[in-house]
Peer 1: 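Would you mind keeping the following structure in view while I ask a few things?
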Amino acid sequence: MVQITLPDGNIRDYDGPVTGLQVAQDIGPGLAKAALAVVVNGEQWDLTRDITTDADLSIITRKDEDALELLRHDAAHVLAEAVKELYPETQVTIGPAIENGFYYDFARPEPFTPDDLEKIEARMKEIVARDEDIVREVWSRDDAVKFFRDMGEEYKAEIISDIPAEQDITLYRQGDFIDLCRGPHLPSTGKLGDGFKLTKVAGAYWRGDSNNEMLQRIYGTAWPDKKQLKAYLNRLEEAEKRDHRRLGRELDLFHFQEEAAGMPFWHPHGWTIYQEIQTYIQRKQREYGYKEIKTPQLVDRKLWEQSGHWDKFREHMYTSESDERVFALKPMNCPCHIEVFNRWQVSYRDLPLRLAEFGSCHRYEPSGALHGLMRVRSFVQDDAHIFCREDQITSETENFIKMLLEVYEDFGFEDIKIKFSDRPEMRAGDDDVWDRAEADLKSAIDKLGLDYTLNPGEGAFYGPKLEFVLTDTIGRDWQCGTLQLDFVLPERLDATYIAEDGQKHRPVMLHRAVLGSFERFIGILIEHYAARFPLWLAPVQVVVTGITSDQDDYVRDVAAKLRKAGIRVETDLRNEKINYKIREHSHAKIPAIFVAGNREASEQTITIRRLGSKNQETLDLSDAIHSIIEEAKAP
RNA sequence: GCCGCUAUAGCUCAGGGGUAGAGCGCAUCAUUGGUAAUGAUGAGGCCGGUGGUUCAAUUCCACCUAGCGGCACCA
C-alpha cells in the first residue's frame with residue numbers, strides 16, 4: 001500500500017509503487033499532459049520515478065515557478081545533445097540552469113562561431129521535435145567513471161571521480177545522449193517547447209580556476225513559451241536603452257578614451273551630478289560626526305610595504321620613480337588615514353574618531369575587468385575610517401548602517417543586498433584576531449536584524465567585511481557600500497591611543513564607504529533613474545524658451561532670475577519651432593521646460609512642461625520660481 | 001589577464017582589393033511657428049595604430065591598442 005497525500009489534503013491509495021505521472025493521470029488527463037515533474041515529500045522527482053512509500057505529493061506544471069528551473073536545466077541537456085550530434089569530438093562538462101536561462105561548458109579546440117550557434121539552436125529544435133524520452137538510470141560510481149572515460153569524456157569522468165566511491169549516481173539518457181545529473185528532468189525533450197534561444201558564446205575556465213584551461217560556454221535563455229521568451233528579449237532591449245555608457249554619451253555626461261583606459265573624463269553635466277552628490281554626502285557625514293581630511297596621491301612604497309599592500313597588490317598599483325625613490329599612486333586611503341591618526345596623541349575620550357576623505361584612488365585593474373563607470377582604474381571613494389575600541393564596534397556599525405540606509409533611501413534604492421564576507425585564504429593577522437573580528441561584526445548586524453547572505457572567504461586581507469550590493473539594469477550586481485573591520489592595519493602601522501589606565505592601546509579600525517566609488521554609484525544611478533534625475537541632481541534643471549523671437553528678452557529675464565536663485569538653467573533662443581525644442585529637451589531629459597509666448601511675457605507668467613508629462617501649466621513667474629527652488633533642494 | 005566578437009563622419013550604421021555612403025546631428029539661408037522632427041543648401045573621413053601580401057589595402061593577413069560579451073580578478 002502506498003498512500004499519496006495531495007496538496008489539497010486529498011488522499012489516494014495505491015496497491016504498490018506508483019509514479020507521479022500515474023497519479024496525475026488519475027486526477028485528469030489534462031494534468032498528466034501538463035505535468036513536468038513532481039514534488040515528493042518536499043523533494044523534486046521525475047514524473048516516472050516509482051514512489052514506494054507513503055508520501056506528500058504535488059505536481060509541477062509549466063505554469064509553476066519551479067518549472068522554470070527544470071525547463072532551463074533540460075534546455076542545457078538538449079543543448080549538449082545537439083552539440084554532441086553536430087560536433088562529436090567535443091567533450092561535455094557541466095551545464096546548469098541560471099537566472100533567466102542556462103549554459104553548458106564544452107571543451108573543443110575550435111571556437112564556436114555565431115554561425116555554429118544558429119546550427120546548434122536549429123538542432124535543438126529538432127531534438128525537441130523528436131520528443132525523446134528522458135530516462136533516469138542509477139549507476140555505480142566506478143562504472144560511470146569507466147563509461148565516460150571510455151567515451152573520451154575526460155571532464156565528466158573527472159567530475160564523477162570526485163564523488164565518493166560508494167555513492168551511486170544518476171545518469172539521464174535522452175536519445176543517444178547520456179549525462180551525469182542529479183535530476184530531476186522533464187519526461188521527454190518535447191516538453192521543453194519553443195521558448196528558448198541561444199544567446200552567446202564565451203570563454204570560461206574549467207572549474208572556475210584561471211590556472212585551468214578555458215572551455216567554451218554557450219549561454220541560452222529559456223521560458224515556458226515563446227511569448228515569455230519574447231517578453232524577456234524585449235526587457236533586455238529596454239534595459240540596453242538605460243545602459244549608463246549609452247546615456248553617458250547621449251547626454252554628454254562623461255567619456256572614455258584609449259589614452260586613459262578605465263579613467264573617466266567628466267563633462268560639465270556629469271560633473272554637476274558628481275558634485276551635487278559630494279556636497280550631499282559631505283553634509284551627511286558632518287551630521288554623523290565625521291571629520292574630513294585630504295591626503296596625498298603619491299606615497300613612498302615604504303608605507304605600502306608596511307601596510308601589506310605592496311606584498312599583496314603590487315601588480316595592481318601604479319608606480320612612479322623620482323630621485324631613485326619609488327612611489328605608488330594610492331590604491332586606498334587607509335594607510336594615509338592612520339598616518340594622520342598617528343600624528344595626534346589620541347585619548348580614549350576622543351574615540352570613536354571618524355576620519356573621512358573623498359579619496360582619489362588608482363588601481364591597475366585587469367583590462368578585462370573594465371566596465372564603463374562600474375569598474376574603472378581611477379575613482380574617488382566616499383571613504384572614511386573609524387578608529388574605536390572593540391566595545392564600540394557594535395554602535396559604530398549601527399551608526400554607519402543607519403546613515404547608509406538613509407542615503408540609499410534618498411536616492412530611491414530599495415533593493416539592497418547585504419553580503420557578509422569572512423576570512424580569505426590569503427590574509428594578514430592571526431586566527432584568533434579573525435575569530436574576534438568576525439564575531440564582532442556578525443553580532444553587530446545580527447543586533448540590527450538585517451538580512452544578509454554569507455560570502456565565505458571573500459573578506460579583505462585585513463578583515464571581514466559587509467558589502468552593500470546594488471544591481472544594474474540588466475541584473476548584474478555591483479558592490480557599492482562596504483564596512484570592513486580591521487584589527488591588522490592599526491597593528492602594522494602602529495596606531496595607538498591612551499586608555500583610562502594611562503597605557504597605550506591598539507584601536508580597532510572600521511573601513512567604510514556608503515557610495516563606494518562616485519564613479520560606480522553614478523553609473524548605477526544613471527541606470528536607476530534612466531537619466532531622468534530628480535531635480536536636485538539634474539545637470540540642467542530648467543530650460544527657458546520662447547514661442548517666437550519676440551519673447552527673447554523675457555526669456556533671458558526669466559533665466560536670469562532662476563540663475564540668481566541658484567537654479568541650473570539654460571535658455572534656448574534658437575530659431576526653431578516650439579515642437580522641435582520640446583522634443584529635443586525632452587530627449588535631453590530636462591526636468592522642466594519653461595515656455596513663454598506673448599501672453600506670458602505680457603502677464604509675467606510662465607508655462608511649464610514637466611518631463612514625462614504632456615500637460616502644461618501656466619503659473620505666475622514668481623510662484624513658478626519659488627516652487628522650483630523648493631523642489632531643487634537636496635534631501 | 002584569458003576566450004570570442006568588434007573598430008568607417010560628432011552619433012547610429014551600410015559598404016567593399018582601384019583612397020567612401022545613409023539617417024540624425026552640425027553650419028548657412030529662408031521661415032516667427034503655442035508644446036515630441038519647417039524647408040533648402042552645404043561642410044564634415046589618414047575607414048583605431050603598426051607592419052605584411054599585392055601593380056594597388058579602408059577592404060586580405062599578422063601584431064598592437066581600445067571597446068563589447070563572458071570567465072578569472074576586485075585591497
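The sequence lines fix the lettering, A, B, ..., with proteins before strands; numbering per chain opens at 1.
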Peer 1: What about R609(A): does its side chain form a donor-acceptor pair under 3.5 Å with the base of A36(B)?
Peer 2: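 Present.
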
Peer 1: Quick one: is K577(A) getting a side-chain N or O under 4.0 Å of the G39(B) phosphate, OP1 or OP2?
Peer 2: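 Answer no for this pair, as no side-chain N or O of K577(A) is under 4.0 Å from OP1 or OP2.
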
Peer 1: Out of G70(B), U35(B), A75(B), which nucleotide sits closest to the side chain of K465(A)?
Peer 2: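 My answer, after comparing the listed nucleotides, is A75(B).
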
Peer 1: With nearest nucleotide decided by heavy atoms, which residue, Q551(A) or H316(A), maps closer to the 5′ end of RNA chain B?
Peer 2: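 That would be Q551(A).
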
Peer 1: If I pick the P atom on C47(B) and the same atom on U8(B), what distance separates them, to the nearest angstrom?
Peer 2: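 Taking atom P in both U8(B) and C47(B), they lie 11 Å apart.
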
Peer 1: OP1 or OP2 of G69(B) sitting under 4.0 Å from any side-chain N/O of R217(A)?
Peer 2: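 Result: no.
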
Peer 1: Base, sugar-phosphate, or nothing for F112(A), non-hydrogen atoms under 4.0 angstrom?
Peer 2: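 Touches nothing.
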
Peer 1: Can you list everything that forms a ring pair (Phe, Tyr, Trp, His ring centres under 6.0 Å) with H337(A)? Sequence neighbours excluded, please.
Peer 2: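 With sequence neighbours excluded, H337(A) shows a ring pair (Phe, Tyr, Trp, His ring centres under 6.0 Å) to H385(A), given in chain and number order.
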
Peer 1: Under 4.0 Å: is that the gap between some side-chain N or O of H255(A) and OP1 or OP2 of G10(B)?
Peer 2: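 Result: no.
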
Peer 1: Expressed as a whole number of Å, how far does the C1' atom of C26(B) sit from that of C61(B)?
Peer 2: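 Straight-line distance between the two C1' atoms is 38 Å.
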
Peer 1: Does T199(A) reach a base, just sugar-phosphate, or nothing at all? Heavy atoms under 4.0 Å.
Peer 2: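 Nothing, no nucleic acid heavy atom in range.
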
Peer 1: For F265(A), enumerate each residue passing the ring pair (Phe, Tyr, Trp, His ring centres under 6.0 Å) test, keeping only those at least two apart in sequence or located in another chain.
Peer 2: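 If we apply the ring pair (Phe, Tyr, Trp, His ring centres under 6.0 Å) test to F265(A), skipping adjacent residues, the hits are H255(A).
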
Peer 1: Stepwise, does the side-chain contact (heavy atoms from CB on, under 4.5 Å) test hold for I474(A) with R476(A)?
Peer 2: CA-CA 6 Å; I474(A) 53 174; R476(A) 288 181 283 215; 3.3 Å; yes

Peer 1: Take atom C1' in U50(B) and the same atom in C46(B), then report the distance between them in whole Å.
Peer 2: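 Going atom to atom, C1' in each nucleotide, I get 13 Å.
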
Peer 1: Tell me every residue that passes salt bridge (charged side-chain N to carboxylate O under 4.0 Å, His left out) with D422(A), counting only those two or more places apart in sequence or in another chain.
Peer 2: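 D422(A) satisfies salt bridge (charged side-chain N to carboxylate O under 4.0 Å, His left out) with no residue once adjacent residues are dropped.
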
Peer 1: Could you tell me how far G21(B) sits from U53(B) if I compare only their P atoms? Round to whole Å.
Peer 2: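 Their P atoms lie roughly 30 Å apart.
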
Peer 1: To the nearest Å, how far apart are D477(A) CG and C74(B) P?
Peer 2: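 After rounding, the gap between these two atoms is 16 Å.
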
Peer 1: With a 4.0 Å cut-off on heavy atoms, is S210(A) in touch with a base, just the backbone sugar-phosphate, or nothing at all?
Peer 2: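 Since only primed, P, OP1 and OP2 atoms lie under 4.0 Å of S210(A), the category is sugar-phosphate.
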
Peer 1: On a whole-Å scale, what distance lies between the C1' atoms belonging to U59(B) and A20(B)?
Peer 2: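 Comparing C1' positions in U59(B) and A20(B) gives a spacing of 11 Å.
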
Peer 1: Name the nucleic acid region contacted by G308(A), choosing base, sugar-phosphate or nothing; use a 4.0 angstrom heavy-atom cut-off, strictly under.
Peer 2: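 The answer is nothing, as G308(A) stays clear of every strand by at least 4.0 Å.
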
Peer 1: Shorter than 3.5 Å, N or O on both sides, protein versus nucleotides 11-14 of chain B: list them out with atom names.
Peer 2:
from: U12(B); atom 1: OP1; to: R249(A); atom 2: NH1; distance (Å): 2.8

Peer 1: Are any of the side-chain heavy atoms of Q91(A) and K156(A) separated by less than 4.5 Å?
Peer 2: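 Side chain of Q91(A) against side chain of K156(A), heavy atoms only: no contact under 4.5 Å found.
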
Peer 1: Sequence neighbours excluded, which residues qualify as side-chain hydrogen bond (donor to acceptor under 3.5 Å, both in side chains) partners of T221(A)?
Peer 2: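 With neighbours one apart ignored, the set is W223(A).
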
Peer 1: Could you give all pairs that pass the ring pair (Phe, Tyr, Trp, His ring centres under 6.0 Å) test and reach residues 570-611 of chain A, with sequence neighbours left out?
Peer 2: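 Applying ring pair (Phe, Tyr, Trp, His ring centres under 6.0 Å) to every pair that reaches into residues 570-611 of chain A, excluding sequence neighbours, yields nothing.
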
Peer 1: Identify whether any heavy atom of P331(A) sits under 4.0 Å from a base atom; if not, whether one sits that close to sugar-phosphate; answer base, sugar-phosphate or nothing.
Peer 2: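 If one applies the 4.0 Å heavy-atom cut-off, P331(A) turns out to touch a base.
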
Peer 1: If we take the P atom in both G25(B) and U12(B), what is their distance in whole Å?
Peer 2: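 Comparing P positions in G25(B) and U12(B) gives a spacing of 15 Å.
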
Peer 1: P atom, G42(B) versus U54(B): distance in rounded Å?
Peer 2: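 That atom pair is separated by 43 Å.
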
Peer 1: Check whether the ring centres of Y104(A) and F106(A) lie less than 6.0 Å apart, and answer yes or no.
Peer 2: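 For Y104(A) and F106(A), the ring centres are under 6.0 Å apart.
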
Peer 1: Taking the C1' atom in each of C11(B) and A7(B), what is the distance between them to the nearest angstrom?
Peer 2: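 That atom pair is separated by 15 Å.
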
Peer 1: Any residue in residues 579-597 of chain A with a heavy atom nearer than 4.0 angstrom to RNA chain B? Just list them by number, or reply none.
Peer 2: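 Correct list: N579(A), Y580(A), I582(A), R583(A), S586(A), H587(A), V595(A), G597(A).
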
Peer 1: Specify the closest pair of heavy atoms between Q551(A) and A596(A), including all atoms of both residues, with the distance to one decimal.
Peer 2: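 Q551(A) and A596(A) have their closest heavy atoms at OE1-O, 3.3 Å.
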
Peer 1: By nearest nucleotide on RNA chain B, pick out whichever of F461(A) and E576(A) is the more 5' one.
Peer 2: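 This one resolves to E576(A).
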
Peer 1: When you check the phosphate oxygens OP1 and OP2 of C71(B), does a side-chain N or O of Y219(A) lie under 4.0 Å from one of them?
Peer 2: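 Yes, such a contact exists.
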
Peer 1: For Q306(A), is the CD atom crowded, meaning more than 12 foreign heavy atoms sit under 6.0 Å from it?
Peer 2: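 Buried by this count: over 12 neighbours within 6.0 Å.
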
Peer 1: Does the G1(B) base have a donor-acceptor partner in the side chain of Y205(A) within less than 3.5 Å?
Peer 2: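 Counting by modelled atom types and ignoring angles, a donor-acceptor contact under 3.5 Å is found here.
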
Peer 1: Just to be sure I understand the rule, does E600(A) reach a base, reach only the sugar-phosphate, or reach nothing, if contact means heavy atoms closer than 4.0 Å?
Peer 2: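 Here E600(A) touches the bases of the nucleic acid.
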
Peer 1: Could you check whether any side-chain heavy atom of Y318(A) comes within less than 4.5 Å of a side-chain heavy atom of Q297(A), counting everything from C-beta outward?
Peer 2: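 They are not in side-chain contact.
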
Peer 1: OP1 or OP2 of C73(B) versus the side-chain N and O atoms of R375(A): is any pair under 4.0 Å?
Peer 2: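 Checking C73(B) against R375(A), no side-chain N or O comes under 4.0 Å of OP1 or OP2.
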
Peer 1: Within the structure shown, what part of the strands sits under 4.0 Å from D209(A) by heavy-atom distance: base, sugar-phosphate, or nothing?
Peer 2: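 Since no nucleic acid heavy atom lies under 4.0 Å of D209(A), the category is nothing.
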
Peer 1: Can a cation-pi geometry be assigned to R314(A) and W310(A), taking NZ or CZ under 6.0 Å from the six-membered ring centre and within 45° of the ring axis?
Peer 2: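 Geometry flag: set, cation within 6.0 Å and 45°.
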
Peer 1: Would you please confirm or rule out a distance under 4.0 Å between OP1 or OP2 of A75(B) and any side-chain N or O of R314(A)?
Peer 2: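 So the side-chain polar atoms of R314(A) never come under 4.0 Å of the phosphate oxygens OP1 or OP2 of A75(B).
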
Peer 1: Identify, with sequence neighbours excluded, every residue that meets ring pair (Phe, Tyr, Trp, His ring centres under 6.0 Å) alongside H371(A).
Peer 2: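 Listed in chain order: W478(A).
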
Peer 1: Please tabulate, one pair per line, each protein N/O and nucleotide N/O from nucleotides 65-67 of chain B that are separated by under 3.5 Å, including the distance.
Peer 2:
from: U65(B); atom 1: O2'; to: E258(A); atom 2: OE2; distance (Å): 2.8

Peer 1: I'd like to check the side-chain hydrogen bond (donor to acceptor under 3.5 Å, both in side chains) partners of D311(A); sequence neighbours left out, ordered by chain and number.
Peer 2: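 Counting only residues at least two positions away or on another chain, D311(A) forms no side-chain hydrogen bond (donor to acceptor under 3.5 Å, both in side chains).
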
Peer 1: Where are the stems of RNA chain B, defined as at least 3 consecutive Watson-Crick or wobble G-U pairs with both distances under 3.5 Å?
Peer 2: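 As far as RNA chain B goes, consecutive pairing (with distances under 3.5 Å) yields the stems B:1-7 with B:65-71, B:10-13 with B:21-24, B:26-30 with B:38-42, B:48-52 with B:60-64.
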
Peer 1: Y103(A) has an atom OH; how far is it from atom C1' of G4(B), in whole Å?
Peer 2: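 One finds 17 Å between C1' of G4(B) and OH of Y103(A), rounded.
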
Peer 1: In whole Å, I'd like the distance from the CG atom of L215(A) to the P atom of G69(B).
Peer 2: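 One finds 22 Å between P of G69(B) and CG of L215(A), rounded.
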
Peer 1: Got a sec? Which of residues 512-527 of chain A come in under 4.0 Å of RNA chain B, heavy atoms?
Peer 2: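 Per residue number, the list is empty: none.
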
